[in-house]
Structures are given as structure tokens and as C-alpha cells.
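Some notes on the structure that comes next.
This chain uses plain numbering: 1 for the first residue, then up along the sequence. Predicted model only: the values in this text are computed from it and were never measured.
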Amino acid sequence: MAPITDEQVEAVRALVARIPAGRVSTYGDIADAAGLSSPRIVGWIMRTDSSDLPWHRVITASGRPAAHLATRQLELLRAEGVLADDGRIRLTEVRYSF
């Protein structure tokens, strides 16, 4: 993977910050909106630089949260009115478009 630039980090951070309460986006949605080649770049940025962002609103394309974050992520989403069905968020109902 090529080095990630400060501009890419800031683009991802700005997009995540725009996701409103009660909505979610996928790593791929954010990668597309930021012009990045892979959702994995978004995942890397989120792992290293998102503690001050609504990180819980970013999920996988399957509608499932990351396994190591699932309990906390689903709890935070539920508090915003986003309900999971068997651990999966219904993207058709709550997906945010940039």
C-alpha cells in the first residue's frame, strides 16, 4: 500500500464527521467519496485517527460492524435509533449518501 497522505487522512476525517446521527456509511462509500483506491485505506485511517469522530457510524458493506467493536458500536448506533437485525444494520434504511 502506498503511503497515506495528510490530505487523504483529512478527507476521510471530514467525510466521517459529516455522517449525521441515525445514519451510517460503509468504508467503501467513504473511499469512493474521498477518491481512494480501497476501503482498506479508510479502515486504516479509522483505526489510527478517529477517536474524536463518530466512528461508530462507519460499518462494513455487509452491514455488520467490525467484530472487535461490535458490542460498543451497535450500542452507540442503537442510542441514535439505528437498530441492528441479528447484528446487521439495514443499509437500505439508514445509509448516508455523500
* Asked: After noting the C-alpha distance and the side-chain angles of L53 and I19, does the key distance pass the side-chain contact (heavy atoms from CB on, under 4.5 Å) rule?
  -> CA-CA 10 Å; L53 295 171; I19 305 168; over 6 Å; no

* **I89 vs V82 side-chain heavy atoms within contact, under 4.5 Å** => yes

* V12 vs D49 side-chain heavy atoms within contact, under 4.5 Å -> no

* **Minimum side-chain heavy-atom gap L74-P65 below 4.5 Å** => yes

* Is R23 paired with E80 through a side-chain N to carboxylate O contact shorter than 4.0 Å? -> no

* Check: D29 main-chain N/O paired with T26 side-chain donor or acceptor under 3.5 Å -> yes

* Show your working on side-chain contact (heavy atoms from CB on, under 4.5 Å) between H56 and L69 and close with a plain yes or no. => CA-CA 9 Å; H56 58 285; L69 299 170; over 6 Å; no

* Asked: Any side-chain heavy atom of R64 sitting closer than 4.5 Å to one from I59?
  -> no

* Asked: Do you know the tightest heavy-atom contact between A33 and L15?
  -> CB-CD1, 3.7 Å

* Asked: Going through the checks in order, is the side-chain contact (heavy atoms from CB on, under 4.5 Å) test met by Y27 and V58?
  -> CA-CA 6 Å; Y27 292 95; V58 182; 3.7 Å; yes

* Structure fact -> In this structure, CD of E75 is separated from CD of Q73 (nearest 0.5 Å) by 11.5 Å

* If we only count heavy atoms from C-beta on, is the V16 to R57 side-chain gap below 4.5 Å? -> no

* Would you mind reporting whether R72 and W55 have side-chain heavy atoms less than 4.5 Å apart? => yes

* Asked: Given F98 and I30, is the side-chain contact (heavy atoms from CB on, under 4.5 Å) satisfied, shown in steps?
  -> CA-CA 8 Å; F98 294 103; I30 295 166; 3.8 Å; yes

* Are any of the side-chain heavy atoms of I4 and W44 separated by less than 4.5 Å? -> yes

